[in-house]
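Let me begin by presenting the structure, written as structure tokens, before commenting on it.
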Amino acid sequence: MKADFDLIVHKLGRELSHINIYPIGDLHIGSPDFSEKAFRRWKDMVLADPNGYVMIVGDIMDMATKGSITNIYEATMTPFEQREWVEKEFGEIRAKILGAVQGNHEYRANKLLGICPMYDVLAKLDIGHLYRPNMAFIKVNLGERNKDRQASYTFVLAHGQAKGRTKQFPYVVDGMDIMISGHFHTPENSIGNKIVIDSQNEGVSTREFMHISVPSFTNYGGYAMKAMFMPQGNEKFPIINLSGDKKETKLMWT
């Protein structure tokens, strides 16, 4: 298993004028609130897009345990069945996956049993090298920006922690273009700026970055209703468009 600080590098084709990133997290496979209908719509979009790629930010499996808030007696699949389901469904898009991290639900199994269900799935799909336990740093090159250089984009994947901490964390990572997180089941995006001191060229400028929080694939009810959490939308998903002709990103919700 690779360490968090091992950079994941993808050098995609020079013929690509653009690609689309479909980030995903918080499926909670095995939860009675999981919306398979929403997942099917997302997956159909990915499969229909020849330039579509996927980044995973955890809580794909619910992994209810006796010590967790989640009621294990309400689970629709055992942990083993959850892993098999994810292996089958994501196996069909394995060539499109660019990186993945675990969420706090998968970490339950890690903490109790010393296993990593998200890593296990990716390893069985022969892409275990794209897994990182806590945070993934990813560089994606594509297209032909000029004769000897491709357009290059940097990503940080993290499941997320306390909301304030997660929103502030992008300011910690220098050189990042886009951070993708989940955990809160709240679909949103924001644009931030950092002040950058360029000592080599003796200048000061600002660098823009984007932070995207992915929606969940759960219907409102159950634990969320009991805890009186606000209902969140799961009808639209983010798609990040990266240009291969020049460094330019566009975000769509569809």
Side-chain angles (χ1 to χ4, degrees), residues 1-13 16 18-27 29 39 42-43 45-47 49 51-61 83 86-87 89-107 110 116-143 150-161 166 169-170 172-183 189 209-215 217 237-242 244 247 249 251:
M1 185 186 302
K2 297 281 189 177
D4 293 317
F5 282 115
D6 287 330
L7 181 67
I8 299 170
V9 179
H10 295 280
K11 295 184 179 180
L12 304 180
L16 291 172
H18 75 280
I19 64 170
N20 296 312
I21 306 293
Y22 294 79
I24 188 171
D26 295 296
L27 262 70
I29 303 300
F39 174 73
W42 176 87
K43 186 178 174 183
M45 289 193 297
V46 174
L47 288 171
D49 187 348
N51 290 353
Y53 292 87
V54 173
M55 294 185 181
I56 301 169
V57 293
D59 277 5
I60 301 302
M61 292 163 274
R83 286 194 302 180
V86 174
E87 180 188 341
E89 295 295 336
F90 281 79
E92 296 174 13
I93 55 173
R94 63 172 297 280
K96 293 174 174 283
I97 296 173
L98 299 180
V101 296
Q102 69 179 344
N104 57 294
H105 280 247
E106 286 105 0
Y107 182 67
N110 192 331
C116 299
M118 196 70 241
Y119 171 75
D120 291 345
V121 168
L122 295 183
K124 289 192 75 173
L125 297 177
D126 293 324
I127 52 173
H129 61 287
L130 300 179
Y131 171 84
R132 300 292 183 269
N134 302 300
M135 194 170 291
F137 301 91
I138 303 175
K139 178 183 177 183
V140 179
N141 288 2
L142 71 143
Q150 291 185 292
S152 181
Y153 301 87
T154 52
F155 289 80
V156 174
L157 308 185
H159 181 63
Q161 290 291 329
T166 302
F169 194 84
V172 172
V173 187
D174 196 19
M176 177 196 70
D177 294 315
I178 301 172
M179 180 172 178
I180 304 172
S181 62
H183 189 54
N189 62 274
F209 65 86
M210 184 185 300
H211 184 188
I212 299 167
S213 181
V214 300
F217 287 72
F237 311 115
I239 304 173
I240 309 162
N241 177 273
L242 307 179
K247 186 159 184 175
T249 61
L251 176 65

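- With contacts defined as side-chain heavy-atom distances shorter than 4.5 Å, the pair D126/R94 qualifies.
- Proximity of H159 to Y107: side-chain heavy atoms (C-beta onward) are nowhere separated by under 4.5 Å.
- Within the 4.5 Å cutoff, side-chain heavy atoms of P133 are placed close to those of D4.
- Side-chain contact between L242 and F155 is present, with heavy atoms from C-beta onward closer than 4.5 Å.
- Residue K43 qualifies as enclosed at atom NZ: its count of foreign heavy atoms under 6.0 Å is above 12.
- Considering all non-hydrogen atoms of both residues, P170 and M179 come closest at CG-SD, 3.4 Å.
- Side-chain atoms of S181 do not come within 3.5 Å of backbone N or O of G160 as any donor-acceptor pair.
- When all heavy atoms are compared, the tightest approach of E89 to F39 is OE1-CE2, 3.9 Å.
- In plain terms, the two heavy atoms of I180 and P23 that are nearest each other are CG2-CB, 3.7 Å.
- Note that CG of N134 is 6.5 Å distant from CD of Q102, once rounded to the nearest 0.5 Å.
- The aromatic rings of F90 and W42 lie tilted to each other, with the angle between the two planes from 30° to 60°.
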- Task: Please assess Y131 against K2 for the test side-chain contact (heavy atoms from CB on, under 4.5 Å), listing each intermediate value before the final yes or no.
- Result: CA-CA 7 Å; Y131 171 84; K2 297 281 189 177; over 6 Å; no

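- No side-chain heavy atom of D177 sits less than 4.5 Å from a side-chain heavy atom of F209.
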- Show your reasoning for whether side-chain contact (heavy atoms from CB on, under 4.5 Å) applies to F169 and M135. CA-CA 12 Å; F169 194 84; M135 194 170 291; 3.5 Å; yes

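- Checked by atom type and distance alone, the side chain of R132 pairs as donor or acceptor with a backbone atom of A3 at under 3.5 Å.
- When all heavy atoms of L98 and I8 are compared, the pair lying nearest together is O-CG2, 3.7 Å.
- One finds the CG atom of N20 at 11.0 Å from the CG atom of L251 (value rounded to the nearest 0.5 Å).
- The two residues V57 and G182 have their closest heavy-atom pair at CG2-N, 4.2 Å.
- Atoms NZ and CD1, from K96 and I127 in turn, are 13.0 Å apart once rounded to the nearest 0.5 Å.
- Within the model, atoms CG of D49 and CD1 of I21 stand 10.0 Å from one another, a figure rounded to the nearest 0.5 Å.
- When side chains are defined from C-beta on, P238 counts as touching P215, because their heavy atoms get closer than 4.5 Å.
- Counting only distance, with no hydrogens or angles, the side chain of D26 and the backbone of F217 share no donor-acceptor pair below 3.5 Å.
- At a threshold of 4.5 Å between non-hydrogen side-chain atoms, the residues V54 and V46 count as touching.
- Within 6.0 Å of CD in E92 there are more than 12 heavy atoms belonging to other residues, nucleotides or ligands.
- Contact record, S152 with K139: OG-CE, 3.2 Å, taken as the closest heavy-atom pair.
- Note that NE2 of H18 and CG of N51 are 4.5 Å apart. Values are rounded to the nearest 0.5 Å.
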Can I get a per-line list of side-chain donor-acceptor pairs under 3.5 Å for residues 116-123, giving both atom names and the distance, sequence neighbours left out?
from : atom 1 : to  : atom 2 : distance (Å)
D120 : OD2    : R83 : NH1    : 2.8

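- A heavy-atom distance below 4.5 Å is found between the side chains of T166 and H211.
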- Step-by-step side-chain contact (heavy atoms from CB on, under 4.5 Å) determination, Y153 to I178: CA-CA 8 Å; Y153 301 87; I178 301 172; 5.7 Å; no

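- Expressed to the nearest 0.5 Å, how far CD1 of I240 lies from OH of Y53 amounts to 14.5 Å.
- The environment of K11 atom NZ is sparse: at most 12 non-hydrogen atoms of other residues, nucleotides or ligands sit within 6.0 angstrom.
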- Task: List the steps and the verdict of side-chain contact (heavy atoms from CB on, under 4.5 Å) for I56 and L157.
- Result: CA-CA 8 Å; I56 301 169; L157 308 185; 5.9 Å; no

